[in-house]
2 protein chains.
Amino acid sequence: MEKYSIAIIEDHTLLSEAIAEVINKFDLFKVDFLCKNGAELIETLKTKSAPKIILMDVNMPIMNGIETTKWLSENYPDVYVIALTVEEDESTILKMIRAGAKGYLLKDVDKKTLEIALIKTIETGFYHSNIVVDVLVNSITGKSNTKEALKDTEIEFLKLLCSEMTYKEIANKMNLSPKTIDGYRDNLFVKLDVKNRIGLVIYAIKNKIFTC
Amino acid sequence: MEKYSIAIIEDHTLLSEAIAEVINKFDLFKVDFLCKNGAELIETLKTKSAPKIILMDVNMPIMNGIETTKWLSENYPDVYVIALTVEEDESTILKMIRAGAKGYLLKDVDKKTLEIALIKTIETGFYHSNIVVDVLVNSITGKSNTKEALKDTEIEFLKLLCSEMTYKEIANKMNLSPKTIDGYRDNLFVKLDVKNRIGLVIYAIKNKIFTC
DNA sequence: TCAAAAAAGGGTGTTTTTCCTGTCCTAGTT
DNA sequence: AACTAGGACAGGAAAAACACCCTTTTTTGA
């Protein structure tokens, strides 16, 4: 019987190579190829046929897991994307699910669980560990949703805040009037319940909008 | 011929299991046991004999890589500790080396490099990737050494900077005049080569003086 | 297609931060 | 006793950040 093909998208070479070895020992699966980021995946798919399942890291340089998953949902809707990552914060999980991930596994699962997840995904179309279910439940019961309301410009703005630029310089870089920037800031003060720029910077770092 | 025994200390189960598979394919090495953190390692060493090499993650709950390495240097000085981690910031690398690590590998190495590192460590007693050498050279040529020279009050001050307090409030909390605080700040601007409070905050977080 | 909402920009005043220069005191040196 | 270095602190000015309230332009969706 033909084994199901799998691709691993993960920037840490050793980890992806090692996981590949593990998967190749499973009866039903074999690893087809590895990529270091989303851009590389897109390149690869020009010459190779798509795998059945893609194991996707979330934090990658160049093109991260969320963007890549979104791209796959549009261009290869039949491919099952399973997130495999250390990020267990609510917003990351929600973003991946929204982007179209069919599963979400933390890197501290064991081999057996990984195999079960792969099999369930083939059989039923999805597999989610308990953490994810928790988050989803919280999310609809309204608890702690918050952050989701941030717009793209606000995200961009928050990133620029985490530098030594003044507001005037940031306005310049974003091609907006300093006054508009003032508005962005004041909105975020209210929305995120902080009092000054330092609060915004800490928020951005805490929520991985900006990574040091 | 007897293979060299290796232990892996790493909190992400899948990763340690996967790396174990990789290592078990190497001619000269076999994995003896896995632990999820330093405390578990200490427990394990009460009943099992020490391995030749320990691959050590740095970020772990309960007892992290640095503490664990320090403990090993004192209690099992013959064991080679190799750090295997994603942290590539100067201070972490220096801390691990000081704690007694004989090697420092980033998780994006490939299998071949891992094998070479293990062999070199057995043969010569150490193996360091290029990044580490860079950091060490910088460290003695004086460049970017910086942080080491920070005084206790400065550390304390940097921590307080990472809050929404004004300088006046910080001065109050430190029982010093706001003008003294001004001096602290201006000194740090020069010493750390940054232009404003945001720069100090980013520095503090980057160097783990303040953790979000 | 037109009204409502959202985004962008503006005016003005206060507070905080940043950047100077310079004094006083203490401790260690010679 | 004079000399030096560094920490604590001050005054004052200029720049940036923050606050509040208001207008114009763009988008949107009913």
Side-chain angles (χ1 to χ4, degrees), chain A residues 70 74 91 94-95 98 142 145-207 209-210 212, chain B residues 142 145-207 209-210 212:
Chain A
K70 220 171 277 174
E74 284 161 19
S91 70
L94 286 174
K95 275 186 198 154
R98 288 216 190 89
N145 200 5
T146 59
K147 147 140 188 217
E148 306 313 311
L150 290 183
K151 279 157 277 185
D152 285 353
T153 45
E154 288 176 324
I155 302 276
E156 169 71 3
F157 175 57
L158 279 171
K159 281 181 190 163
L160 293 173
L161 275 179
C162 301
S163 74
E164 295 180 25
M165 282 188 278
T166 65
Y167 286 114
K168 209 181 293 178
E169 290 166 333
I170 291 174
N172 207 9
K173 181 146 264 172
M174 293 181 77
N175 291 318
L176 292 168
S177 148
K179 276 301 175 182
T180 306
I181 292 299
D182 273 6
Y184 283 18
R185 180 198 55 216
D186 294 349
N187 276 336
L188 287 173
F189 282 172
V190 175
K191 199 183 277 187
L192 305 180
D193 190 31
V194 301
K195 288 165 58 188
N196 52 33
R197 180 162 170 182
I198 308 295
L200 295 178
V201 169
I202 301 291
Y203 176 90
I205 292 170
K206 230 178 217 159
N207 290 280
I209 290 167
F210 176 81
C212 292
Chain B
N145 197 7
T146 59
K147 148 128 187 233
E148 312 307 320
L150 291 182
K151 279 157 276 184
D152 286 352
T153 46
E154 287 175 326
I155 301 274
E156 169 71 4
F157 175 57
L158 279 171
K159 281 181 189 162
L160 293 173
L161 275 179
C162 301
S163 76
E164 296 180 25
M165 282 187 279
T166 65
Y167 287 114
K168 209 183 292 180
E169 290 167 331
I170 292 174
N172 207 9
K173 181 147 266 173
M174 292 181 78
N175 292 317
L176 291 168
S177 150
K179 281 300 179 180
T180 305
I181 293 297
D182 272 6
Y184 283 17
R185 182 198 53 218
D186 294 349
N187 276 337
L188 286 173
F189 282 171
V190 175
K191 199 183 279 189
L192 305 180
D193 190 30
V194 300
K195 288 164 57 187
N196 52 34
R197 179 163 169 181
I198 308 295
L200 295 178
V201 169
I202 300 291
Y203 176 91
I205 293 170
K206 229 179 218 160
N207 293 87
I209 290 167
F210 176 81
C212 292

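The figures that follow rest on heavy atoms only: side chains count, while hydrogens, waters and symmetry mates do not. In what follows, chains are A, B, ... by sequence order, proteins preceding strands, each numbered from 1.
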Would you give the length of the straight line joining atom CG of B/L200 to atom NZ of B/K191, rounded to the nearest 0.5 angstrom?
11.5 Å
Between P on C/dT18 and NZ on B/K195, what's the gap in Å once rounded to a whole number?
11 Å
Identify all pairs in which a protein N or O lies below 3.5 Å from an N or O of nucleotides 22-28 of chain C, and state each distance.
none

At a heavy-atom distance below 4.0 Å, which nucleotide of DNA chain D is the first touched by chain A, and which is the last?
D/dA16 to D/dA19
For A/Y184 and A/L176, run side-chain contact (heavy atoms from CB on, under 4.5 Å): C-alpha distance rounded to whole Å, both residues' side-chain angles, the deciding distance at 0.1 Å, then the answer.
CA-CA 11 Å; A/Y184 283 18; A/L176 292 168; 3.6 Å; yes
How long is the line joining CD1 of B/I198 and C1' of C/dT16, in whole Å?
13 Å
In 5'-to-3' order, the base (B), backbone-only (S) or no-contact (-) status of each nucleotide in nucleotides 4-15 of chain C, using a 4.0 angstrom heavy-atom cut-off, is ---SSBBBB---
Report for the helix from C/dT1-D/dA30 to C/dT30-D/dA1: angle between first-end and last-end helix axes, five pairs each, rounded to 10 degrees.
30°
For DNA chain D, which residues in residues 160-170 of chain A have a heavy atom at a distance below 4.0 Å?
A/T166, A/Y167, A/K168
Check whether more than 12 heavy atoms from other residues, nucleotides or ligands sit under 6.0 Å from atom CG of B/D193, and answer yes or no.
no
side-chain contact (heavy atoms from CB on, under 4.5 Å) between B/V194 and B/L188, worked out
CA-CA 8 Å; B/V194 300; B/L188 286 173; over 6 Å; no
Check: B/I198 main-chain N/O paired with B/N196 side-chain donor or acceptor under 3.5 Å:
yes
Evaluate B/I209 against B/Y203 for side-chain contact (heavy atoms from CB on, under 4.5 Å), listing each step before the verdict.
CA-CA 8 Å; B/I209 290 167; B/Y203 176 91; 3.9 Å; yes
What is the nucleic acid contact for A/R197, judged by heavy atoms within less than 4.0 Å: base, sugar-phosphate only, or nothing?
sugar-phosphate
When the side chains of residues 158-174 of chain B are checked against the rest of the protein, which donor-acceptor pairs come out under 3.5 Å, sequence neighbours left out?
unit_1	atom_1	unit_2	atom_2	d
B/S163	OG	B/L160	O	2.8
B/S163	OG	B/M165	N	3.2
B/E164	OE1	A/K195	N	2.7
B/T166	OG1	B/K168	N	3.4
B/T166	OG1	B/E169	N	3.3
B/E169	OE1	B/T166	N	2.8

Just how far, in rounded Å, is C1' of C/dT17 from CG of A/N196?
11 Å
So does A/R185 get a backbone contact from the side chain of A/D182, meaning a donor-acceptor N/O pair under 3.5 Å?
no
Nearest 0.5 angstrom please: B/N187 CG to B/L192 CG, how far?
10.0 Å
